[in-house]
Amino acid sequence: MSDTELPFAFGAPPLRARLRTAPEDFVVEEILGYESDGAGEHAFLVVEKRGANTDWVARELAKFAGTSPMNVGYAGLKDRHAVTRQAFTVQLPGKADPDWSAFPHAEVSIRSLGRHSRKLKRGALRGNRFVLVLREVEGDRAGAEARLAAIAARGVPNYFGEQRFGLGGGNVAQARAMFGGRRVDRDKRSILLSAARSHIFNGVLAERVAGGTWDAPMDGEIWALEGSRSWFGPEEFNDTLAERLARFDIHPSGPLWGRGDTPAAGAAAELERAVAARDEDLATGLADARMDQERRALRLQPRDFAWRWLDHGALEVSFGLPAGAYATTVIRELAVT
């Protein structure tokens, strides 16, 4: 199911607009949740890049420091068509830092935060802060204000964004081919496994959005803890769970499919099994790949959600998201871009 086919939580978006008319219209700042520890053989850097790919920056840092790209770490891939600020580590055992101010690429600026004892690992971050500008905005401004207020109050469905599925959504088809016997290299295999899981998850979430239960409990619900990969349940819904749900401490969850059965029960389990059965080749392939059953929250709360209208009909929207969530998932409820 493509991004345009996924149902909306609040109805059709009230606006049409352009996003990413310039990199400065899509600003991303990484939130690690920790700082350099001040000692060790890894240089700890904050890199601001404009219109540059994270992997390319990592390779250029390695080249400039005279080390292998394997010695460069970062916590997450960041959009190329954006201005982004993120942390890197560069392992320099027994060596002093080079003069980072002499890094030979105008689209990249580097600030050293000293030394760190460990290489940054993928996924080791709390989240990201976004400031996005929609331009050439057309549509119902009063409706947009109401939609923005609804997003602030209720959050949005936590779909995996189209970036997860590759150019034209082709990663799912490639995953089917891989499960059918086509050989792929290790790095590509990981990407395709993730795309297959994300496709099934989005299918479950789409059904729950259509049924009005993406932010409400179903019989047999598994609850995801805010800011954590932990989950619990099923258990009978009660006043305590209702209060925690209302303050965004817990969320209904959906499956990241793997071997074994879903931990959900009742109607929630029946829905998840039915969606997985629609893509039986993907579900079976994930189980055969020995992926474990995991969970992901169905609801996403943009933190510190704010907006303001700019000159020439532009709209600026800012918010924070936890790691693994997509800014475009928030914007799709507001505007067709």
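With a 4.5 Å cut-off on side-chain heavy atoms, F44 and R115 do not count as touching. Looking at heavy atoms from C-beta onward, N238 lies in side-chain contact with L241 at the 4.5 angstrom threshold. In this structure the side chain of Q163 reaches within 4.5 angstrom of the side chain of D79, judged on heavy atoms. With a 4.5 Å cut-off on side-chain heavy atoms, P13 and R332 do not count as touching. Taking the side chain as every heavy atom from C-beta outward, R129 and D304 approach each other to under 4.5 Å. The shortest side-chain heavy-atom distance between F319 and W307 does not fall under the 4.5 Å cut-off. In this structure, W100 and V90 have side chains that are in contact, with non-hydrogen atoms separated by less than 4.5 Å. Under the 4.5 Å side-chain criterion, counting only non-hydrogen atoms from C-beta, L321 is not in contact with N128.
Taken to the nearest 0.5 Å, the CZ atom of R295 stands 13.0 Å off from the CG atom of L225. One distance of note links CG of L286 with CG of D279; it measures 10.0 Å at 0.5 Å rounding. To the nearest 0.5 Å, atoms CE (M218) and OG1 (T213) are separated by 5.0 Å. In this structure, CD in E162 is found 10.5 Å from OH in Y326, a value given to the nearest 0.5 Å. The structure places CD of E316 at 9.5 Å from CZ of R135, a figure rounded to the nearest 0.5 Å. Summarising the geometry, atom CZ belonging to R299 is positioned 12.5 Å from atom CG belonging to L205; distances are rounded to the nearest 0.5 Å.
In the hydrophobic cluster analysis, where Ile, Leu, Val, Met, Phe, Trp and Tyr join through side-chain heavy atoms closer than 4.5 angstrom, V156 is grouped apart from L245. V27 and L315 are members of different hydrophobic clusters when ILVMFWY side chains are connected at heavy-atom separations under 4.5 Å.
By the neighbour-count criterion of 12 heavy atoms within 6.0 Å, atom CG of D288 is densely surrounded, having more than that number from other residues, nucleotides or ligands. Around the NZ atom of K95, the shell of radius 6.0 Å holds more than 12 heavy atoms that belong to other residues, nucleotides or ligands. Other residues, nucleotides and ligands contribute only 12 or fewer heavy atoms inside 6.0 Å of the CZ atom of R126. Around the CZ atom of R122, the shell of radius 6.0 Å holds more than 12 heavy atoms that belong to other residues, nucleotides or ligands. Under a cut-off of 6.0 angstrom, the local environment of CZ in R80 is sparse, with at most 12 non-hydrogen atoms contributed by other residues, nucleotides or ligands. Atom CZ of R229 has 12 or fewer heavy atoms from other residues, nucleotides or ligands within 6.0 Å.
Residues P234 and A265 approach most closely at CG-CB, 3.8 Å, considering heavy atoms. In terms of heavy-atom proximity, A314 sits nearest to V137 at CA-CG2, 4.3 Å. The nearest pair of heavy atoms linking K119 to M70 is NZ-O, 2.5 Å. Taking each heavy atom of R147 and E333 in turn, the nearest pair found is NH1-O, 2.6 Å. Contact record, G155 with P302: CA-CD, 4.0 Å, taken as the closest heavy-atom pair. Taking each heavy atom of Y159 and P7 in turn, the nearest pair found is OH-O, 2.8 Å.
In this structure, R85 pairs ionically with E48, as a charged nitrogen and a carboxylate oxygen lie closer than 4.0 Å. Between R278 and E207 a salt bridge is recorded (basic side-chain N to carboxylate O distance below 4.0 Å). Salt bridge E60/K63: present, at least one basic N to carboxylate O contact under 4.0 Å. With respect to R247 and E243, a salt bridge is recorded, a charged nitrogen being found less than 4.0 Å from a carboxylate O.
Side-chain polar atoms of W231 and E294 form no donor-acceptor pair below 3.5 angstrom.
In summary, the aromatic rings of H105 and F103 are positioned with their centroids under 6.0 Å apart.
Taking the six-membered ring where the residue is Trp, F237 and W223 present parallel rings, their angle staying beneath 30° rather than reaching 60°.
Each of K49, K78, R50 was compared with T84 under the side-chain hydrogen bond (donor to acceptor under 3.5 Å, both in side chains) criterion, and only K49 meets it.
With a 6.0 Å cutoff to the six-membered ring centre and a 45° limit on the axis angle, R164 does not count as a cation-pi contact of F201.
Q86 places a side-chain N or O within donor-acceptor distance of the main-chain N or O of G76, the cut-off being under 3.5 Å. Although no hydrogens or angles enter the test, the distance criterion places a donor-acceptor pair under 3.5 Å between the side chain of H116 and the main chain of D37.
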Run R154 and F10 through side-chain contact (heavy atoms from CB on, under 4.5 Å) and show every step you take. CA-CA 10 Å; R154 291 181 58 186; F10 309 108; 3.9 Å; yes

